[in-house]
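Below: the structure, in structure tokens.
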Amino acid sequence: MAQTLAGLLKLQTVERDLAHVRSRLRVQHNAVAIQQRKIDQAQQTLDLQNQQHINRLKRADQLDLDLKTKEEHVAKLRANLNTAKTNKEYAAVLTEINTFKADNAKLEEEALAVMSQMESSKGEVDKAKEALAAAQTRLEQIRQASAEEIERLSAMESELLAKRDALAGDVEPEALNLFNRVVGRYEGEAMAVIEIHGKKPPHTYVCGGCFMGLRAEHVNALRVRDQIRTCDNCGRILYLQEQAEKATKA
């Protein structure tokens, strides 16, 4: 069997494993980042609920002050009724009292509504605090689990890299450079099997990587010569199924 392709196929096996391990490492790193974003969102929600609750507290205090001020003024007006000298003066003071009383009624109605809103917002604040605490607890759990998994996967990555370096030493530099360029483009899949369709000649040939048609000369060349053939469309290094089977047994 062609030694160059045999060496590349062995490298391809290791590259697939490396790509898988690195994908799992990304998942572990992303898990922490994703949970941190959830915490940030929970903190923003809590800040918003807190601010709404504080605003309602301030409004309740302001309403209470306004009510007390108006009630004091009404009390003074009532006292003025006793000193009114004419009916006209008496009626004017009474009208002013009634106006203040109407205003007070509106303030009292708004104060009751604000009190109700305060109870609701306090509940929302408590829920937001619980959600934030739960998210923070979950982050610690994810960090611990991820740290252990990252350590394990990193060790696997190091072993695979060492294995890859050892196998790379058996491949010609020109073929290895091509392999390295393609493998970076396709995340561990530098090679593609030639799919042969049809029970009898003339067969049709398809690249197993991009599924585009291939010329028969690629198959003929691989069967008789130790050379690198690449897909005219995607650039992957081509091989035959029987070559992969022999490489696995070697």
Side-chain angles (χ1 to χ4, degrees), residues 11-63 110-165 167-168 176-192 207-212 231 233-237:
L11 267 179
Q12 176 68 80
T13 300
V14 176
E15 283 290 351
R16 285 197 186 106
D17 291 340
L18 265 173
H20 180 63
V21 167
R22 284 168 175 167
S23 174
R24 291 167 64 188
L25 275 169
R26 286 195 296 272
V27 169
Q28 293 302 322
H29 286 297
N30 289 341
V32 174
I34 289 171
Q35 187 61 27
Q36 183 59 57
R37 285 197 292 273
K38 290 181 179 179
I39 286 178
D40 294 341
Q41 291 172 354
Q43 184 64 59
Q44 290 175 3
T45 299
L46 175 59
D47 292 343
L48 178 61
Q49 296 294 346
N50 262 327
Q51 189 58 53
Q52 288 180 343
H53 188 61
I54 289 171
N55 290 341
R56 285 165 180 165
L57 284 172
K58 289 180 179 179
R59 182 56 182 161
D61 289 343
Q62 184 61 50
L63 287 169
E110 183 182 354
L112 288 174
V114 170
M115 290 296 291
S116 177
Q117 291 171 354
M118 285 172 53
E119 291 180 7
S120 176
S121 62
K122 180 61 170 63
E124 293 300 322
V125 168
D126 291 341
K127 287 181 182 178
K129 287 180 178 179
E130 291 174 2
L132 177 60
Q136 290 171 333
T137 298
R138 180 59 181 156
L139 176 62
E140 292 307 313
Q141 294 172 343
I142 290 174
R143 275 180 175 161
Q144 183 176 355
S146 292
E148 296 171 356
E149 185 66 3
I150 287 172
E151 183 178 1
R152 188 180 72 84
L153 291 171
S154 295
M156 291 175 62
E157 182 184 29
S158 297
E159 292 176 4
L160 287 168
L161 286 171
K163 185 176 180 180
R164 186 194 187 285
D165 290 342
L167 290 172
L176 182 61
N177 289 336
L178 173 61
F179 179 90
N180 288 337
R181 287 198 302 273
V182 181
V183 82
R185 192 186 314 160
Y186 294 111
E187 295 187 2
E189 294 291 340
M191 305 183 72
C207 170
C210 66
F211 308 109
M212 296 296 289
C231 174
N233 181 61
C234 68
R236 289 182 175 88
I237 300 169

- Can you sort out the partners of Thr13 under side-chain hydrogen bond (donor to acceptor under 3.5 Å, both in side chains), two or more places apart, ordered by chain and number?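 Residues passing side-chain hydrogen bond (donor to acceptor under 3.5 Å, both in side chains) with Thr13: none at all.
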- Taking only residues two or more places apart in sequence, or in another chain, which ones meet Thr45 in a side-chain hydrogen bond (donor to acceptor under 3.5 Å, both in side chains)?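 Scan of Thr45 (side-chain hydrogen bond (donor to acceptor under 3.5 Å, both in side chains), adjacent residues dropped) gives none.
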Please identify each residue that fulfils side-chain contact (heavy atoms from CB on, under 4.5 Å) with [X], with sequence neighbours left out.
X: Ala135; result: Gln35, Ile39
X: Asn180; result: Arg164, Leu176
X: Met212; result: Cys210, Asn233
X: Val183; result: Glu15, Phe179, Ala190

Please report the interatomic distance [atom1]([X]) to [atom2]([Y]), rounded to the nearest 0.5 Å.
X: Arg22; Y: Ser154; atom1: CZ; atom2: OG; value: 11.0 Å
X: Lys58; Y: Asp61; atom1: NZ; atom2: CG; value: 10.0 Å
X: His29; Y: Ser146; atom1: NE2; atom2: OG; value: 8.5 Å
X: Asp17; Y: Met156; atom1: CG; atom2: CE; value: 7.5 Å
X: His53; Y: Ser120; atom1: NE2; atom2: OG; value: 10.5 Å
X: Gln43; Y: Leu48; atom1: CD; atom2: CG; value: 11.5 Å

Indicate yes or no for a side-chain donor-acceptor contact from [X] to the backbone of [Y] under 3.5 Å, with no hydrogens or angles considered.
X: Thr137; Y: Ala133; answer: yes
X: Arg185; Y: Cys234; answer: yes
X: Gln62; Y: Leu57; answer: no
X: Tyr186; Y: Gly209; answer: no

Which atoms form the tightest heavy-atom contact between [X] and [Y], and what is the distance?
X: Ala168; Y: Leu11; answer: N-CD2, 4.0 Å
X: Leu132; Y: Leu46; answer: CD2-CD2, 3.7 Å
X: Val21; Y: Leu153; answer: CG1-O, 3.5 Å

- So do Gln144 and Gln141 actually touch side chain to side chain, heavy atoms under 4.5 Å?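 Side chain of Gln141 against side chain of Gln144, heavy atoms only: no contact under 4.5 Å found.
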- Going by the salt bridge (Lys or Arg N to Asp or Glu O under 4.0 Å) test, which pairs reach into residues 115-133, not counting sequence neighbours?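 Qualifying pairs, neighbours excluded: Lys122-Asp126.
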- Message: Once salt bridge (Lys or Arg N to Asp or Glu O under 4.0 Å) is applied, what residue pairs with a partner in residues 38-55 remain, sequence neighbours excluded?
- Response: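 The answer is none; no pair qualifies.
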Set of residues satisfying salt bridge (Lys or Arg N to Asp or Glu O under 4.0 Å) with respect to [X], sequence neighbours excluded:
X: Arg16; result: Glu189
X: Arg152; result: Glu149
X: Arg143; result: Glu140
X: Arg59; result: Glu110

